[in-house]
Amino acid sequence: MLVLFFWAGLVLAVLPWWLDTPAGSLSDTGAVTLAAGRIVGLVAGYVMLVQVLLMSRLRLLDRLAGEELMTRWHRDIGGALIVAVLAHMALILVGYGALDGFNPLVEARVLITDVPDMLTAFLSAAILTAVGLFSIRAVRNAMPYELWRWLHMSTYLVLYLSFGHQFSLGNQLFKPGLVRTGWLAAYVGVVVVLAYGRVIAPLFFNLRYGLRVADVVPEGPDTVSIYLTGRRLDRLKLLGGQWFRFRFMARGLWWQSHPFSVSAAKNGRWLRLTVKVVGAYTRELRELSSGARVWAIGPRGSFTAAQRTAHRSLLIAGGIGITPIRAMLEELPPGATLIYRASTPADVVLQREIDWLARARDVDVWYVIGSRKDPGPRQVMSPTGLRRLVPDLAARDVWLCGPPGFVESAHKVVRRSGVPRKKIHLAAFEL
């Protein structure tokens, strides 16, 4: 349904150009190039609105599409948006340059210096291109998480900077009428949804539940569990496997927010997140004091037992990726199988609880310990190894959570094992 709405909206975005362009008006190369630039510009404007809508944290979209699909759309549409913006800019410069007798670089200088709103348009294109470059996995992994997140959030600035030139220079949008009114309504609608998802809904949530730190408990040499209490937690709509974006209102931490899954199912008394210490921020979480206020946004995500399509499940966790899966084990039907992949015994988190759940929920648990090059783990994490452990694998739902490289590799193995794509569920955090 959402895909149908997307393509219908794209057609409506381009249709005004088609209706407004007389037959025979594209008589030379410059006119054709300009027309192509205007079409791509309309596409870019529409795709930008869709991209911002995907970043709005509107829970309705998560429920309709699912967390994994929303994440994939965000990535793919983001790439398409950058290509469309750069293509629009290049085609417009070449087209106007052909009409004016300038090369594209000279035409760019003329447009920036002589045409209102063009400087902000070029700035928005530059920001969007930078965001795309910083989103490349290798570049992103080399940056501090909070720096990357704030750079990514500059997409909102692109929406503002590009607004002026669209409505003052766009052939289909500068004229008063139904088309201009429709685009303005789309902008207003996206901004309203963004304000609700990013500001209003989180404000109501935190005023209602008033989360605070209750205790910080070491789970291992580099892992801690943070227990949170609050008001009316028995009314919180939370499923095992979901996550929140937490901002701890403590010195040195309040200016950052990070996504963490809950590591225990809802019980009405407390929430718990289990965190692996991997940097300065997570190291400071170990020093949180009881009573510290917590600003939370959520719960989010569709990596839950509610998405299952079969009675039995196989859950594959890597490292700290066990946390949402441990919470899910309390809500999945008995008879599940868990494969927990870790490099060393010290990297196994919450083992006592997992072993207890194995007995209480009739879960078969396999701890696969060793490096990726060790023959044992390589054999287990192969199509033959998985089918040997779980003979009815193809009939089960499969849940994968862990570091991105691990999930990507495990997903390929599961697919080669004969599991249909619709039965594979991946954990994903939004931006």
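Please read all numbers here as calculations on a predicted model, not as lab measurements.
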For [X] and [Y], which heavy atoms make the closest approach, and how far apart are they?
X    : Y    : value
A327 : G240 : CB-CA, 3.8 Å
P383 : V413 : N-CG1, 3.6 Å
R245 : S257 : NH1-O, 3.2 Å
A84  : A44  : CB-CB, 3.9 Å
M249 : V294 : CG-N, 4.4 Å
I325 : A317 : CD1-CB, 3.7 Å

Does the pair [X]/[Y] count as a salt bridge with the N-to-O cut at 4.0 Å?
X    : Y    : result
D374 : R378 : no
R283 : E287 : no
E331 : R361 : no

[Y] and [X], any side-chain heavy atoms less than 4.5 Å apart:
X    : Y    : answer
F246 : L228 : yes
R341 : P377 : yes
L15  : V179 : no
V414 : L386 : yes
H88  : V85  : no
L42  : Y46  : no
L111 : L93  : yes
Q242 : T304 : yes

Quiz item: Are Y160 and Y187 close enough that their ring centres sit under 6.0 Å apart?
Solution: no

Quiz item: Looking at F303 versus W399, is the centre-to-centre ring distance below 6.0 Å?
Solution: yes

Above 12 or not: heavy atoms from other molecules or residues under 6.0 Å from [atom1] of [X]?
X    : atom1 : answer
L207 : CG    : yes
F204 : CZ    : no
R208 : CZ    : yes
R231 : CZ    : yes
R352 : CZ    : no

Pairing donors with acceptors under 3.5 angstrom, does anything connect the side chains of [X] and [Y]?
X    : Y    : result
D117 : T120 : no
D347 : Y340 : no
S313 : D397 : no
S263 : T274 : yes
Y227 : R212 : no
R416 : S382 : no
K276 : T223 : no
S302 : Q307 : no

Exercise. Describe, in one word, how the ring planes of F260 and Y281 are oriented to each other, choosing from parallel (under 30°), tilted (30 to 60°) and perpendicular (over 60°).
Key: parallel

